[in-house]
Number of protein chains: 2
Amino acid sequence: MLGNAAAIRSNTQSFAKGERIYTRNETAHHAHAVLEGAVRASHCLPDGRRHLSAFHLPGEIFGLDSGALRSHETEALVKTTTLAVRLDDLDREAGIDPGLAWGLCNLVAAELRKAREHMVLLGRKSALERVAAFLLEMDRRLATTGAMSKGGMSLPMCEHDMADYLGLSSETVSRCLTKLQASRIIVMSKRRTVRFLDRAGLHELDAS
Amino acid sequence: MLGNAAAIRSNTQSFAKGERIYTRNETAHHAHAVLEGAVRASHCLPDGRRHLSAFHLPGEIFGLDSGALRSHETEALVKTTTLAVRLDDLDREAGIDPGLAWGLCNLVAAELRKAREHMVLLGRKSALERVAAFLLEMDRRLATTGAMSKGGMSLPMCEHDMADYLGLSSETVSRCLTKLQASRIIVMSKRRTVRFLDRAGLHELDAS
DNA sequence: CGGACCGTTGAAACCAGTCAAAGGATGTGG
DNA sequence: CCACATCCTTTGACTGGTTTCAACGGTCCG
């Protein structure tokens, strides 16, 4: 979807675990398509409170939602490679190629729908509902990648990141995961590895 | 911005207070530019909990963020007129006119940035911070319209709608507004009419 | 082997939700 | 123009889900 047009320069970039990809208020140079790994987009309040507005997983795109300056910062959660596309090329080509511009518009619109859905979670769901919804979301989005083995789904983020994505404290996330295991709805054999025992039960808890 | 191209049919539509503009799961036919009035976008959970993902005010656009089917419903808060643009025309013209497609893409991207900022509010701010942020947001967005008279800013939505937008209960919104008045930061002379006494104090409470 | 990070669990405090009641505003129809 | 019903707003008392604080064991990595 990105980088098909000949006049758009792209290159793969690699980021180590924890490495910053871009920072708030920095000039935006590239959009990225995640090839491998995982990325978090974080917003901080002056007093240090943090919120993650998105995770970006393989096959997904980020860094398009920019004015001239970045509104948030992004970091690699694990070793990550992206296909980086120069925004000035994209801007120029999108001004010429309507198919490209319209395709990008629909990508961003889909992103907006997801964001609005997440707002409902943040505004109206209980802690257990949020965690259940999160697991189902990750299951869906990781399904296409190598993160699903027979042992279960391997999550790339720590519980603190989940908490900041879900508007909870990390302790509450831990308690919810413990409760889901006690209810025989999931099992976590290894750290960050989740297997569903009762998917219908999860959907019921999700409440959406 | 919308409807400039000759081949795009548009017409003004009028909606009474409380009238539905479109419903969830309905086929999307039009995008709208608000000419006058105000619109709420609402999402409901199966058990009746409601969340408002956006208010749309004069000069703003909504209904672009759609796949084939609407993901949420929209209603007029007060008597509202919109410029309605046929989505099939838009789709066809955007496939031809790159300037149009790219302009729409940037509109949607701006919408996405606003949505992500609102997530921070929903995920990490206290009730008082949310209400303070809301008042400042409305002040900014209503500044261009006739909603600002010498008596203050006239809000088009009730406190229940504010609550569902901010992820609070309407009682909590009422208590926060009362507290802001007791602190001499705002005054509400008439229902839904707010005047700022201490704008710096509001920004301080907002915490962003 | 040591240290930082991660995850778990318990106890206590607190913020916001819920329930309830009452008064005020708005709009309708007689 | 008034009577009445409905919706909106405010306020109090209580409840409870989540956060906070703290401590501990486990894991990963240098």
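Just so we're on the same page: letters track the sequence lines, and every chain starts at 1.
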## Note on the structure
To the nearest angstrom, the CZ-C1' distance between A:Arg130 and D:dT18 comes to 10 Å

### Query
What's the CG-P distance between A:Leu128 and D:dG16, to the nearest Å?
18 Å

### Query
If you measure from the Lys or Arg side-chain nitrogens to the Asp or Glu carboxylate oxygens, is any gap between A:Glu73 and A:Arg24 under 4.0 Å?
no

### Task
Scan side-chain atoms only and decide if A:Ser154 and A:Lys190 contain a donor-acceptor pair under the 3.5 Å cut-off.
no

### Task
Consider the side chain of A:Ala127, meaning its heavy atoms from C-beta on, and name the nucleotide among D:dT18, D:dT27, D:dT10 that approaches it most closely.
D:dT18

### Query
Between A:His72 and A:His43, does the ring centroid distance fall short of 6.0 Å?
yes

### Query
For DNA chain C, what residues of residues 164-180 of chain A have any heavy atom nearer than 4.0 Å?
A:Glu171, A:Ser174, A:Arg175, A:Thr178

### Query
How large an angle, rounded to 10°, do the end axes of the helix from C:dC1-D:dG30 to C:dG30-D:dC1 enclose when each is built from five base pairs?
50°

### Task
Round to a whole Å and report the spacing from CD of A:Glu159 to P of D:dG26.
16 Å

## Note on the structure
side-chain contact (heavy atoms from CB on, under 4.5 Å) filter on A:Glu171, not counting sequence neighbours, yields A:Ser169, A:Arg175

#### Entry: Separation of atom NZ in A:Lys79 from atom P in D:dC29, rounded to whole Å
15 Å

## Note on the structure
On a heavy-atom basis, the closest approach of B:Tyr165 and B:Leu52 is CD1-O, 3.4 Å

### Message
My understanding is that only residues two or more places apart in sequence, or in another chain, count here; which of them pass salt bridge (charged side-chain N to carboxylate O under 4.0 Å, His left out) with A:Glu159?
### Response
none

### More than 12 heavy atoms of other groups within 6.0 Å of A:Lys179 NZ
no

### Query
Roughly, in whole Å, what's the span from NE2 in B:His160 to P in D:dT10?
15 Å

### Message
Just the rounded figure in Å: distance from C1' of D:dG17 to NZ of A:Lys125.
### Response
17 Å

### Query
Taking 4.0 angstrom as the limit, do A:Asp206 and A:Arg130 come out as a salt bridge?
no

### Query
With B:Lys79, which residues qualify under side-chain contact (heavy atoms from CB on, under 4.5 Å), at least two apart?
B:Ser14, B:Thr81

### Query
Parallel under 30°, tilted from 30 to 60°, perpendicular over 60°: which one fits the rings of A:Phe62 and A:His56?
parallel

### Task
Write down the distance between CE (B:Met188) and C1' (C:dA25), rounded to a whole number of angstrom.
13 Å

### Neighbour count above 12 (heavy atom, 6.0 Å) for A:Glu26 CD
yes

### Length of the line joining B:Leu155:CG and D:dC8:C1', which is rounded to integer Å
14 Å

### Task
Tell me what A:Arg124 touches on the nucleic acid: a base, only sugar-phosphate, or nothing, going by heavy atoms under 4.0 Å.
nothing

### Query
Which of residues 43-53 of chain B have a heavy atom under 4.0 Å from DNA chain D?
none

